[in-house]
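Below is one structure, written out as structure tokens; comments come after it.
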Amino acid sequence: MSGTNAASGAAPCRFAHYFVICGIDTETGLEPDELRDFCQRLLVVSAEGTLWENFEQSPLKRTFKSKVLAHYPENVEWNPFDQDAVNMLCMPKGLSFRTQADSREPQFHSFLITREDGSRTYGFVHTFYEEVTSPQICSAMQTLYQMHQAENPSSATPSSSSSSSSTDSPSSSSCRSAACGGYDASRDTLYVSKALCLITPMPFMHACRRFLSQVHRAVAAAAPPPLPLESYVHNILYEVPLPPPGRSLKFHGVYEPIVCQRPGPGELPLADFPLGQTFTLLGVENLVQLFNCTLLEMQILLYSQDYQRLMTVAEGITTLLFPFQWQHVYVPILPASLLHFLDAPVPYLMGLQSKEGTDRSKLELPQEANLCFVDIDNHCIELPEDFPQFPNKPELIQELSEVLLRYGISPVGGAPPTSVPTSTTTPGSVSTRHPGLKSQQALRELEDDGRNGNLGGEQLAVLDLLQGNATLERLQALAKRTGVRVEALRGVGGEGEAQGGRTAVEEEELRNAKLNVQLREVFASRFTTMFADYEAFVIQSAPDLESWLTNREQMHNFDKASFLSDQPEPYLPFLSHFIETQMFATFIDNKIMSQWEEKEPLLRVFDGRINKARLYNVRAPSLRSSNYQRCTILKESAQAIEQRLLKIDHTAIHPHLLDMKIGQGKYEQGFFPKLQSDVLSVGPTNNKWSNRTATAQRRKDRHRQQTEHLTLDNDLKEKYMQEARSLGKNLRQPKLSDLSPAVIAQTNWKFVEGLLKECRMKTKRMLVEKMGREAVELGHGEANITGLEENTLIASLCDLLERIWSHGLQVKQGKSALWSHLLHYQAREEKLEHQQFVLLYAVIYFFILTTSPSLTHPHSSLLPFLRHIQSMGAIKTDVGRARAWIRLSLEKKLLSQHLKQLLSRQALTKKLYKRYAFLRCEEEKEQFLFHLLSLNTVDYFCFTSVFTTIMIPYRAVIIPIKKLSNAMTTSNPWVCVSGELGDSGVRQITKNVLEMTFDCQNLGKLTTVQLGHDNSGLLAKWLVDCVMVRNEITGHTYKFPCGRWLGKGVDDGSLERVLIGELALPNADEDCGRGCRTPDMQHSPGQTRRSSITSMGGRGYTQIQEAIGEAVNIICKHFHKPEKERGSLTILLCGEVGLVGALEQFFHNGFKSARLFQKTVFVWDFVEKAVAYMESADQMGDMQETAEPLGLTCVSLCHYVSAINSSPRNIGKDGKFQLLVCLGARDRLLIQWLPLLVECPVIQRMYEESALLRDRTTVNALIAVLQTLHDFPITLEASLVKGIDL
């Protein structure tokens, strides 16, 4: 127990926590690993289309169980040893056997284990081959081979085993000798893989690789190592500390010293995996795309024969996410026994080893709709469909390419690196002409520094003498045992070597470290620029941590809408998706919790960089610009790395002899000895840094106990904190230590719960966002907004449905599981329809139809949707068709109903899905459908706004006012429907039919209808109530109120009207256009104008002023939205509460329009008479003395009125006034025309004395309000200005 305590006391500061040996257990013998073999055979299908069987393979290729033979120490309190997980990751495919004819080069790979709290432990594995000396093992292999040869005679030929599939890396997959047909115990030597592993708290990959390599060299060398291997293992476990932040550390392996460094508090965190290799394998273009997919939290599967390549790419891509962190399942090396985890319906980043010769097309993956597949060995990636690109992607690629080229690395994936002389000094580097002298000087400066295990006095003198000299090292060990003191001998050994400079390996490590930090700085600079002002949008409403944690799920922590409105337009597609991810949510949570807790390290570094950027930029508009800003600290970051490696800050205690039992662990070349566990389970008691760590830990424990004593509800707070931090997260890591059916079932149950929770949160978010926007629209009279954020949420819902339908699939067919299910449903329903059709004709039709209602098909409404999606030629993939079907169903408010119909065929669902699948969990499925049903409370245009090029059938119905005799007309009517995406062109309607159906390209959300006729026949006057237009695919029906006459000599004499549309509320009767009853009267602009004329006397200036101010305010808000969210400006100008209607009220106030026994006078009559007066005055010379600006204004007004009157369109007097207002607003002329009309003498004859238009103060106030519209570029719809040449 004391050993355990000693081992665990200093664990947080120890460089390594465990030393592990994995291999074959000679006592249990050969144990086939049936689970790994079964999972591997399920994943890959052979070229003949049949699954590989284990007995068909040579015994040398089969999978056998490995075991942890030993690990030191027994346990560490801070990092409990997980034997099954370590064994599985040290040898992910089990034991590997070789003969003398095979390649037996040692291999290196790394792994990591992510615990449930998100913390990570790293493992570094050196695998080599050791001769099998057990006769039982050799005999068992011989028996297996003889059985295999008897069952497969053809496999005995030399070619049958000419190649071997490596279990560790592609380099070990070398071709077998043609002369070797298998294994014969009498002539062949059998070798088996053995793994040496270091488990560390931080990813010092290069240092661990060099240490393990030296240990293996000591085993394979002809001469024994200078000290027993226990000395070196004990040294790295207990006497080598972690380097402090911002410092470098040197410790000693078996033969050479090893140097590692750790970034400082203000620098990017440690990342020792070579990013240059990642860029070489994938290329800059592919890596940026992979980086983008990772940021958007897609499912990412890495694929390679080499385990180390999987780990290098996975760690490289997650390293680039700074300051964000991957929050989902992260398994860079997926063991063969965990391949079922690819079925996880959550975002993941996993690495899968490919089998030699296996084609990508033979790899059967459970789900691919949202999968980014990275084929590392072939330097290519397969991307999901339809995702936004990273901002400034070309410029980012260019900058990364320049950094790579400076280090001799091609930006194109798969290209070999060009040679770069290591002796040359790159820009920003320190000359390395005499590094040995600097190293010696650095060591002498630290001679009396006892911090962190540094040596001083005699020990340092001995170290300088013995470094790298094996003979003197052994003499020193002997001298220590006999009590002889050795002083420094400056003239003996080692000094010439020290002056010789760094080795080639050290130069390569320095080069990789500098390249790593410069590539990472480029990405970090992009995030610093993009999120420079993120703090301004963080919502911190909770008074304390406990209340925030308690109400975390109900709180909005980030003002996403304001943040997006503050960003450059090109950034919006990416940012709108990214701010919905879990990694961004966690980042904001950490920011909020930093009010009460210590800042998370990545957040602290990122905030420091933003503050530094503000000091230099002084808040800058440039931070919000879309212009690409290059990283400016590449040189400084590389210099910091080089300075630390040149000047060693700390030197660990040198390995030394231990108090071991004599005669044990005898050296035998090629065989790793059995280490003495008693000396490796206990750490030193006199190590200074160990004692200080234990003291600090005791002080920390006392502080924790005091806090717990004072805060009685600490457990409750911790519970809330864990729940808050895991909010929205799914299972982050598969359990490697227990693969029992119960654990697998529990894991799948967690997936089901996670999917249901995600569905609830997404639908709630969609409702809150949409209903909030609609409330704003209703309050301000806006009719439609198409939000980028809304489209992002719908795309996220499509992804969720795909993941739900991919969970627990029996057999995958196609990339979209949802579309595959729909096709199965369609085939089954069409078969039933055919059977019913035959049955109906076999018996009396009416009898069957009336007495057997069950034969009428209850699920037919789903099939037309499918057939229409299938007919859309613009959609080429199954994933695209599934998303189109989801969007169409959501827009028609039938998504929940359709999915319920789809899942009602339980026999089909059981056939397609396993028992644990989400779709077969009845209670969760019902809740899921209920959440989707809630989306029917709001309107979406997610299909109409996305599929803009498809052909859509429309049905138009003209509804006259039937209570009058003029319901019919003898003229030839026509209609032109316009929307946000275009117009239908003029469509002739059959006389007296008043209904038509036409196909045209998607018009988007409908805005206006032009309705007219040719004034032919005896009954040419036509009183129209409204026009109804229905999109026959989405079911959206628009109503265009009219309430006016069309005809000469009636109303304002218009033969053509431009009607403004509004989305009609759904009725129980979908065929509302054909109804015999007259629809409810709607207040169209024309009706509002007519009613206002009679009641204007009772309507005061205040109401009219409010109407004008509200109309102008709505237009201003329209232009302050992102361009893609603005909707139709025509409705804001000409709608019921639009600018035209408000100005009509102003002009009608005090207007002498209705006269006894005379025809009605319109506002347009006043405008025409005013223009006629101006023209006549100009001809008589009365306006020659007028100021030049006023004269030009008169000319413009006369020109515009003349152009409107000369238009071939018969739009009537009210239509002409509407057009004049729209043109004046567009060309910023309204405020110039108003004074002319006020000053014109005609106003005295046509307006009463109390009219608003004759009040100078009121007119000046109106001009001031209209002046605000001059800041915006008003664009008019083509239907308004058709035929006007201005």
Side-chain angles (χ1 to χ4, degrees), residues 1044 1048-1055 1086 1089-1090 1092-1094 1096-1097 1104 1140-1187 1189-1225 1227 1229-1256 1258-1260 1262-1263 1266 1284 1286:
R1044 303 289 296 273
K1048 290 291 186 180
V1050 64
D1051 205 337
D1052 64 346
S1054 174
L1055 296 180
R1089 184 198 67 80
R1090 288 190 299 165
S1092 66
I1093 292 175
T1094 59
M1096 193 59 65
I1104 296 176
V1140 173
L1143 289 178
E1144 277 186 341
Q1145 295 178 25
F1146 186 88
F1147 273 85
H1148 275 293
N1149 183 269
F1151 185 60
K1152 303 175 183 178
S1153 58
R1155 301 176 184 181
L1156 189 62
F1157 304 116
Q1158 295 183 22
K1159 65 179 182 179
T1160 303
V1161 181
F1162 294 85
V1163 174
W1164 183 252
D1165 294 323
F1166 163 67
V1167 174
E1168 285 184 321
K1169 289 182 179 182
V1171 168
Y1173 172 81
M1174 295 175 194
E1175 291 176 343
S1176 63
D1178 184 39
Q1179 292 175 0
M1180 295 174 62
D1182 293 346
M1183 298 188 65
Q1184 291 179 359
E1185 299 178 358
T1186 306
L1190 190 58
L1192 293 176
T1193 303
C1194 290
V1195 172
S1196 68
L1197 178 59
C1198 297
H1199 177 60
Y1200 274 67
V1201 172
S1202 174
I1204 292 173
N1205 280 328
S1206 60
S1207 169
R1209 299 172 63 188
N1210 296 301
I1211 56 178
K1213 294 181 179 181
D1214 281 346
K1216 291 178 180 179
F1217 179 77
Q1218 173 179 282
L1219 182 56
L1220 180 67
V1221 172
C1222 291
L1223 291 173
D1227 299 335
L1229 294 173
L1230 278 179
I1231 62 174
Q1232 300 178 23
W1233 292 343
L1234 280 174
L1236 290 177
L1237 297 176
V1238 171
E1239 296 292 337
C1240 182
V1242 177
I1243 195 173
Q1244 298 176 3
R1245 300 195 306 269
M1246 303 189 70
Y1247 278 89
E1248 298 174 357
E1249 184 69 27
S1250 61
L1252 296 177
L1253 195 59
R1254 297 184 64 177
D1255 186 346
R1256 298 293 183 91
T1258 303
V1259 172
N1260 291 335
L1262 174 62
I1263 291 174
L1266 296 177
I1284 304 298
L1286 284 173

**Report entry** Salt bridge present between Arg1044 and Asp1052 (N-O < 4.0 angstrom)
**Finding:** yes

**Report entry** Closest non-hydrogen atom pair, Cys1198 against Val1171
**Finding:** SG-CG1, 3.7 Å

Query raised in the report: For Tyr1200, which of Leu1220, Ile1284, Val1167 qualifies under side-chain contact (heavy atoms from CB on, under 4.5 Å)?
Result: Leu1220

Query raised in the report: Is any side-chain heavy atom of Arg1254 closer than 4.5 Å to a side-chain heavy atom of Gln1244?
Result: yes

Report task. Determine the minimum heavy-atom distance between Ser1250 and Asn1149, stating which atoms define it. Result -> O-OD1, 4.0 Å

**Report entry** From Phe1151 atom CZ to Ile1243 atom CD1, the distance as rounded to the nearest 0.5 Å
**Finding:** 10.5 Å

Query raised in the report: Taking atom CD of Glu1239 and atom CE of Met1174, what is their separation to the nearest 0.5 Å?
Result: 9.5 Å

Requested in this report: To the nearest 0.5 angstrom, please state how far the CD atom of Glu1144 sits from the CZ atom of Phe1162.
Outcome: 10.5 Å

**Report entry** Single hit among Phe1147, Phe1146, Trp1164 for ring pair (Phe, Tyr, Trp, His ring centres under 6.0 Å) with Phe1217
**Finding:** Phe1147

Report summary line: d(Met1246 CE, Leu1237 CG) to nearest 0.5 Å is 11.5 Å

Query raised in the report: Okay, side chain of Ser1202, backbone of His1199: is any donor-acceptor separation there less than 3.5 Å?
Result: no

Report summary line: Looking only at heavy atoms, the pair that brings Gly1150 and Ala1251 closest together is CA-CB, 3.8 Å

Query raised in the report: Any side-chain heavy atom of Ile1204 within less than 4.5 Å of one from Leu1223?
Result: yes

Query raised in the report: Do Lys1048 and Asn1210 have side chains that get closer than 4.5 Å, going by heavy atoms?
Result: yes

Query raised in the report: Do Asp1214 and Ser1054 have side chains that get closer than 4.5 Å, going by heavy atoms?
Result: no

Query raised in the report: So do the side chains of Val1259 and Asp1255 get within less than 4.5 Å of each other, counting heavy atoms only?
Result: no

